[in-house]
Asker: 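Handing you this structure, nothing more for now.
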Amino acid sequence: MSPQKPTNPPASPPVQDDASRRRFLGLSTALVGGGALAWSLPGCTGGTTTSQPPGGGEGHEGVATGHEGGSKTHVAPGKHDDYYGFWSGGQSGEIRILGVPSMRELKRIPVFNRDSTTGWGQTDFSKALLGGRSVGDTHHVHLSYTDGTYDGRYVYVNDKVNARLARVRIATMEVDKIVDIPNSQGTHGIFPQRHKTGLVLCNSEFRTPMPNDGRDLDDPKKYAAMHTAIDGETMEVKWQCMVDGNLDLCATDYTGDYSFACCYNSEGGVTLEEMMAADQDWVYCFNLKAIQAAVDAGKTMTVGDSKAPVVDARGGDNEFVQRVPVPKSPHGVNISPDGKYAVMCGKLSPTVTVVEISRLADVFAGKIKVADAIVAQPEVGLGPLHTAFDGRGNAYTSIFLDSVMTKWNIDKAIAAYKGEQVDPIVAKLDVHYQVGHTNASMSETKDADGKWLVALCKFSKDRYLPVGLQKPENDQLIDISGDKLDLVHDGPAHPEPHDAVIVRKDLISTLQVNDRTDERFRMYEAWAAEDGIKLMDDSKVIPKGKGLRVYMTSQAPKFGLTEFRVKSGQQVQVIVTNRDNVEDLTHGFAVSNHDVNFIINPQDTQSVTFTAGKPGVYWYYCTWFCHAMHLEMRGRMIVEA
Ligand code: RUQ
Ligand code: CUA
């Protein structure tokens, strides 16, 4: 089929029935969306699905209609979902919380971005955390663990663009720490340890000269990457392990012994052609105990300005790191819920490679070769990226180029690798379109329950009303409780979430009003002590150097001050404490024509610092609909010449 003849102005393709629409789009995807990857797959044509049109694998489920979807995902008004979904926000730099299975978006947590809804990026505390930066690229959200399952304490998320790790305290669903990761660019895959709230391992995807201070600019052989361990409690960098390949996705085992990192550029190339040259790349397997022993023994170096101890593991397989050979430019690595297997996706190879984790001890001891830890390598389709699990021995791999989810059985894949005549593929399902990440309910824990699977599709194409050049992504919900995969819901997502985890609701508990235990309250209390103020009771203006500090309470429908006076050009710090001790009773604080707008949740304190503008009267007002007299909740900032 030739591409649709352009009209003037270009219009969206006419809406057709499901089956014909998919055929049209599948082919146009091969030409357009998947083109860059499609031409790079000469060695990948042996897969069972390649001779068929994208998605329509014979003998597998065909076009999904989602006819039953409505009833399966319907959560009646006033009822709650069974799961929390934590979605990364991609370029938005945020985290999103969805209810599953309804896929209703419940909240956005600003992390690396500025957000006027909450004042994140403008309040003194958030500004200090962000350090003057205003963009982020969040890919991977993971919760803290104890004993192999979520412990309800923290959410961690990476920032790929500015090499940071942030932590959200689940009790408040607000960020409480952000740490800069030294000697790193492209901080991509992250994963917390699963036996306890221990280390959070962070991969740097982009290799740079070490140190990156202007020497060795043109010698890629001198470039390296860091696998960084951050303490999940203190958020301090504990150590870095330096390797030569780049590090993409990350996973930890269930015992605290190992972490894994995919390397799609073992070539050490700096151009696309160079990065794709080799048929074989690696998944790095880090021996965390050996690295810790080297750190404890002081067998470390420092790199650049950072004081973090660096273990040098460059040069291949050694006591710190072993490289599992994986074809070709691997992307995702995921650990089965029983803790036995690491599943590594080929991306440019139609296979996934399965490593039996218990064999790694012998690999590190030099008793067996690293390739002997591989126990299966099923063909799952073109462009496998990520894998989820149902806790019943099945794996679900997202297949980007084919736009398919492939369900396969781990034991059968192992049997087939041994030469038995079994087909590990259980079922396939078309998804729409170009699926990136996938995850299943509780899949990243030992409590994987095999109820729901999300396919985070990178393209929505025709699935929604056309909304201009940038379309939503399409998060599809799939019921995996039966043998087959049943597509039940399309969820448009503002671009572009990469990853999501789905968490049983009984594992999450949040506060109704602030408990004032976060570290930032020590800062407000220290200010108040210095000025002889009781934050909950007092509203008062205190001269501070050449500026002013304004303490103000809020209680519906009043601020503690109906006016305050400042001089034009003076620096003003306003510290607002919300006395309301009632669920949902948030207030806002905005100052007209001064670019100030933030919120104060029940029993919270927030502060902002700004410069008073030209002489005149400026109303400050509450931005949160808190009371029948909400509009009256305001006062005057009187700016004198
Ligand atoms: S990953 S590059 Cu962060 Cu599959 Cu999206
Ligand atoms: Cu307080 Cu509106």
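Since we're looking at a predicted model, the values are computed, not measured. When a ligand or atom number is given, it counts from 1 through the structure's own listing order.
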Asker: Given the side-chain rings of Phe589 and Tyr620, with only the six-membered ring counted for Trp, is the space between their centroids under 6.0 Å?
Answerer: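 Yes, the ring centres sit under 6.0 Å apart.
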Asker: Is His498 close enough to atom 4 (Cu) of ligand 1 that one of its N, O or S atoms comes in under 2.8 Å?
Answerer: no
Asker: Any ion pair linking Arg133 and Asp180 (charged N to carboxylate O, less than 4.0 Å)?
Answerer: yes
Asker: Taking the six-membered ring for Trp and the full ring for Phe, Tyr or His, determine whether the centres of His227 and Tyr284 are under 6.0 Å apart.
Answerer: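 His227 vs Tyr284: aromatic centres not under 6.0 Å.
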Asker: Of all the atoms in His627, is at least one N, O or S atom closer to atom 1 (Cu) of ligand 2 than 2.8 Å?
Answerer: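 No, since none of the N, O or S atoms of His627 sits under 2.8 Å from atom 1 (Cu) of ligand 2.
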Asker: Is His630 close enough to atom 1 (Cu) of ligand 2 that one of its N, O or S atoms comes in under 2.8 Å?
Answerer: no
Asker: For Tyr433 and Asn474, test the side chains for any donor-to-acceptor distance below 3.5 angstrom and give the result as yes or no.
Answerer: no
Asker: Rounded to 10°, how big is the angle at atom 3 (Cu) of ligand 1 from His188 NE2 to His140 NE2?
Answerer: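 The two atoms subtend 90° at atom 3 (Cu) of ligand 1.
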Asker: Any idea which N/O/S atom from His139 gets closest to atom 3 (Cu) of ligand 1?
Answerer: ND1
Asker: How long is the gap from CD on Glu583 to CG on Asn601, to the nearest 0.5 Å?
Answerer: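 So the gap between those two atoms works out to 12.0 Å.
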Asker: How large, to 10°, is the angle at atom 1 (Cu) of ligand 2 when you draw lines to SG on Cys622 and to SD on Met633?
Answerer: 110°
Asker: Is it true that some N/O/S atom of His331, main chain or side chain, lies under 2.8 Å from atom 4 (Cu) of ligand 1?
Answerer: yes
Asker: Can you tell me which N/O/S atom of His587 has the shortest distance to atom 1 (Cu) of ligand 2?
Answerer: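 That would be atom ND1.
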Asker: Looking just at side-chain N and O atoms, do Thr387 and Asn334 make a donor-acceptor pair shorter than 3.5 Å?
Answerer: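 The criterion, which ignores hydrogens and geometry beyond distance, is not satisfied for Asn334 and Thr387.
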Asker: Taking the minimum heavy-atom distance to atom 1 (S) of ligand 1, which of Lys347, Glu496, His437, Lys458 ranks first?
Answerer: His437
Asker: Give a yes or no on whether the backbone of His386 and the side-chain of Ser398 come within a donor-acceptor separation of less than 3.5 Å.
Answerer: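 Flag set: sc Ser398 to bb His386 pair under 3.5 Å.
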